[in-house]
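So the structure is just underneath, and the comments pick up after that.
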Amino acid sequence: MQRASEGASDVARPAAAARETWASRLGFVMAAAGSAVGLGNIWRFPWLAGENGGGLFLIAYLLMVGTLGISVLLAEIVIGRAAQKDPVGAFRLLGGGPWRLVGYLGIASAFLILSFYGVVAGWTLAFAVKQASGLFETAAPSQVFADLLAATYEPLAWAFAFLAMTAAVVSGGIRNGIERANLVLMPLLFLLLVLLAVRAVTLPRGLEGLAFFFAPDVTHLTTATIAAALGQAFFSLSIGLGAMITYGSYLQRGQPVGRAAFQIAALDTLAALLAGSIVFPAVYFAGIDPASGPGLAFVTLPSVFAEMPAGRLFGVVFFVLLAIAALTSAISLLEPVVAFLVDEYGFRRRLATLLTTVVAFLVGIPSSLSLGPMPELAAFGMSFLDLVDFVTASLMLPAGGLAMALFVGWKIAPLATAELAGEAQHRQPLIRAWILFLRFAAPAAIGWILVAGLIG
Ligand code: PHE
């Protein structure tokens with residue numbers, strides 16, 4: 001480990017001097033949407049909606065995205081573009097004092113999420129290969145999934161493979177890689193999601209599944225559901241930890257960002273709606289309990305493929321694309337930590353990437369084992385994986401988002417307003433409303449949900 005403490009001013013560091021920028025606005029939107037659209041939409045969202053009353057969760061989630069989510073997303077992009085730095089550096093530069101703790105909280109969140117994200121992404125790789133082998137033509141998907149989790153080394157090997165791919169992209173720098181890949185892959189992913197949704201809805205009992213997804217079951221209206229919806233909104237939009245600060249820091253000054261924030265949120269929401277419209281019809285078709293937890297997408301989707309012409313091919317393509325969607329998100333989890341080590345401590349990018357990835361893999365091991373060979377890795381009625389997921393998404397991300405709302409609303413409001421001076425004239429009242437929202441309503445709402453969700 002080499003610390004560049006001796007006289008390494010920001011100017012002297014090549015990483016700070018040659019800061020990369022996106023080639024186009026569309027490239028930024030696609031990369032940010034690539035960060036947002038991932039396992040959160042296709043794996044996490046249907047699983048939580050299934051456990052929290054279907055349509056009720058959907059409504060709560062949409063409300064969160066449309067109010068708190070979009071506001072904090074824009075706040076992060078503005079912070080990043082203004083500071084041109086990693087999350088810790090951004091808060092140090094713009095806020096100073098204890099504000100940098102918000103950056104550290106974000107780095108910790110990114111790191112913890114990456115640890116279990118790699119595990120779940122590993123499942124998608126495993127399922128791609130199992131689809132290709134035709135395994136699902138003879139074995140029930142639920143059994144295949146259970147067998148995968150029960151194995152000790154197999155899921156770990158897939159997680160390792162996935163994290164290695166993530167590290168390969170990040171260590172090579174992101175300029176051409178991320179932007180170019182997302183421009184091709186995101187449209188492809190959406191095309192496939194639409195196709196699968198059409199197939200799923202037209203399955204026998206498909207419409208019942210759709211009804212479950214859209215019809216609110218109000219008996220689930222609890223603070224726990226509201227808190228889960230908030231956590232999902234933050235997780236899905238990749239906000240509350242500084243991933244969007246990092247991506248925003250690669251934007252050139254002066255590019256308008258208001259519309260981009262809306263587009264990113266819209267694409268992310270569309271992906272979640274499509275995923276729900278695939279998974280729940282498939283759940284009803286396959287006769288599975290919607291509340292069957294983190295395996296939901298994995299045990300239902302292969303049963304849809306089995307009913308499609310060329311289903312095996314579709315299955316492979318789908319899980320490969322899902323792995324790629326996960327990859328573009330995992331990159332945005334790794335990148336803030338790497339940027340932090342490079343910008344703040346003078347690490348070389350490759351070494352920072354290697355270290356972060358290895359430690360994230362090691363921290364992910366208990367998450368993987370907790371669902372299979374070591375069920376004793378559990379607390380508060382949750383497996384270790386569910387626990388890390390809950391603590392990060394439902395506590396750390398909202399706490400980070402709350403701090404960011406306060407930061408933009410109180411500490412740097414004039415700067416943030418000036419940053420958005422280039423937005424269209426008729427949007428200026430909206431920007432004033434946004435500042436007020438971040439100042440009062442957002443912190444109050446997030447704070448209330450955090451506390452209420454915790455005490456019950
Ligand atoms: N938004 C990603 C998803 O939905 C996960 C993620 C969270 C990525 C936080 C970056 C930061 O899969």
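Read the numbers this way: they start at 1 and go in the same order the structure lists the ligands and their atoms. Residues take their numbers from the sequence shown, with the count starting at 1. Just so we're clear, the structure is a prediction, and the values are computed from it rather than from any experiment.
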Open item on the list: Counting non-hydrogen protein atoms only, what is the nearest one to atom 11 (C) of ligand 1? Give residue, atom name and distance.
Closed with: Leu333 CD2, 3.3 Å
TODO: Can you pull out the closest protein heavy atom to atom 2 (C) of ligand 1? Residue, atom name and distance to 0.1 Å, please.
DONE: Ser35 O, 3.2 Å
Open item on the list: Could you check whether Phe319 and Trp123 have their ring centres less than 6.0 Å apart?
Closed with: no
Open item on the list: Does only the side chain of Ile239 get under 4.0 Å from ligand 1, or the backbone, or both, or neither? Count heavy atoms.
Closed with: neither
- [ ] Step through it carefully: locate the ring centre of Phe390, locate the ring centre of Phe380, and say whether they are under 6.0 Å apart.
- [x] no
Open item on the list: Can you name the atoms of ligand 1, numbered from 1 with element, that are less than 4.0 Å from a heavy atom of Ser236?
Closed with: 1 (N), 4 (O)
TODO: Give the ring-plane orientation class for Phe305 versus Phe318, where under 30° counts as parallel, over 60° as perpendicular and anything between as tilted.
DONE: tilted
- [ ] Assess whether atom OH of Tyr104 is packed by more than 12 heavy atoms of other residues, nucleotides or ligands within 6.0 Å.
- [x] yes
- [ ] Specify the protein heavy atom at minimum distance from atom 7 (C) of ligand 1: its residue, its atom name, and the distance to 0.1 Å.
- [x] Phe235 O, 3.3 Å
Task: Distance from atom 8 (C) of ligand 1 to nearest protein heavy atom, with residue and atom - done: Ser238 OG, 3.3 Å
- [ ] Give a yes or no on whether a salt bridge exists between Lys130 and Glu154, defined as a side-chain N under 4.0 angstrom from a carboxylate O.
- [x] yes
Task: side-chain contact (heavy atoms from CB on, under 4.5 Å) partner of Ile79, chosen from Leu93, Ile245, Leu415, Leu74 - done: Ile245
Open item on the list: What I want to know is whether Val37 and ligand 1 share at least one N or O pair that is separated by under 3.5 angstrom.
Closed with: no
- [ ] Before signing off on this row, confirm whether Ala36 and ligand 1 have an N or O atom pair separated by under 3.5 Å.
- [x] yes
Open item on the list: Any donor-acceptor pair under 3.5 Å linking the side-chain atoms of Arg25 with those of Gln263?
Closed with: yes
- [ ] Determine, using ring centers only, whether Tyr247 and Phe28 are less than 6.0 Å apart.
- [x] no
TODO: Assess whether atom CZ of Phe190 is packed by more than 12 heavy atoms of other residues, nucleotides or ligands within 6.0 Å.
DONE: yes
Open item on the list: To check your reading of the model: name the closest protein heavy atom to atom 12 (O) of ligand 1, its residue, and the distance in Å.
Closed with: Tyr117 OH, 2.5 Å
TODO: Decide whether an N or O pair under 3.5 Å exists between Leu39 and ligand 1.
DONE: yes
Task: Contacting atoms of ligand 1, where contact means under 4.0 angstrom from a heavy atom of Ser332 - done: 8 (C), 10 (C)
Open item on the list: I need the atoms of ligand 1 closer than 4.0 Å to a non-hydrogen atom of Gly40, numbered in the order shown.
Closed with: 3 (C), 4 (O), 12 (O)
Task: For Gly38, atoms of ligand 1 separated by under 4.0 Å from a heavy atom - done: 3 (C), 4 (O), 12 (O)
